[in-house]
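Please read the structure below before turning to the comments.
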Amino acid sequence: MVNYIEAVSAPPKNTGAIRLYNTTDDFAGMRKACLLTARCLDELASIIKPGITTSAIDRFVFEFGMDHGALPATLNYRGYKYSVCTSINHVVCHGMPDDKPLREGDIVNIDVTYILDGWHGDSSRMYPVGQIKRAAERLLEVTYECLMRGIAVVKPGVRTGAIGEAIQTYAEAERCSVVRDFCGHGVGQLFHDSPNILHYGRSDEGPELKEGMIFTIEPMINLGKPHVKVLADGWTAVTRDRSLSAQYEHTVGVTATGCEIFTLSPGGFDRPGLPPLEG
């Protein structure tokens, strides 16, 4: 049985109940935190190029947050030592920054979450490093479209499985695969909360969406098979077949008629380095 609870009366931990953020201040707080995250990701569009290290990106994210009164949520989270996740090429997620320079043709996911006034703004984007191969560019295009198709079905009354079905149907039609090992999640006053948002499934599965729910949608799409493994560091997840992987992520809030995307790029860089969308 799925339990829902008004966020204003919820305990400060994940109890398995789904929080409903139904006050004006709730969505306002999320807009502010998510806008800061989106602004940081916008700034990175001009910084990420061949030769930069992911440790330099990590320092930028930390300093950008400090300059705006925000704390990176990943810093010291369950022992994670960095302000950002940087996942390159066949790294699916949770890649750790280091001093190795990015190379021409790499693709890298930058995942940022800021805590601002108690609210978590969580988003990630893919960045091409210089000129990339057409296969990599196509993977980025497919993955972004998966994200937006998942978002498009969000409204009260549908089930979370409809999000997964929309993503899986499109990805597999494009001869790509959906990672099953990781998922989206509730977010707001907690970094990771209920419900889990699977990126595959059927429309009749999962909890019903209700106005006031806030969660991430963050499909990880592989050019090869969906299987992943976590390396000995306990964080870095890679494709088992070493095929390229990509991910885009938005934080959304369910409204009376659909949803609000909190983490849209204010500068129009939701797909940095890719051709503009038609229409």
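In what follows, every heavy atom counts, from backbone to side chain, and hydrogens, waters and symmetry copies are set aside.
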Query raised in the report: Hey, does the Lys NZ or Arg CZ of Arg125 hover above the aromatic six-ring of Tyr248, less than 6.0 Å from the centre and inside 45° of the axis?
Result: no

Query raised in the report: Does Arg180 make a cation-pi contact with Tyr200 (under 6.0 Å, within 45 degrees of the axis)?
Result: yes

Query raised in the report: Do the ring centers of His192 and Tyr77 come within less than 6.0 Å of each other?
Result: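 Centroid distance His192-Tyr77: below 6.0 Å, so yes.
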
Query raised in the report: Do Tyr82 and Phe62 have ring centres separated by under 6.0 Å?
Result: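 That pair fails the under 6.0 Å test.
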
Quick one: pull up [atom1] in [X] and [atom2] in [Y] and give me the separation to the nearest 0.5 Å.
X	Y	atom1	atom2	answer
His68	Leu35	NE2	CG	9.5 Å
Ile115	Leu71	CD1	CG	5.0 Å
Met126	Leu147	CE	CG	12.5 Å
Leu116	Arg31	CG	CZ	14.5 Å
Thr37	Phe262	OG1	CZ	12.5 Å

**Report entry** Sidechain-backbone polar pair: Thr263 side chain, Thr251 backbone, donor-acceptor under 3.5 Å
**Finding:** yes

Query raised in the report: Do you know the tightest heavy-atom contact between Val154 and Cys259?
Result: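 That would be CG1-CB, 3.6 Å.
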
Requested in this report: Using the side chain to side chain donor-acceptor pair (under 3.5 Å) rule, take Asp25 and Thr23 through it: C-alpha gap first, then chi angles, then the decisive distance, then the call.
Outcome: CA-CA 5 Å; Asp25 290 343; Thr23 73; 5.3 Å; no

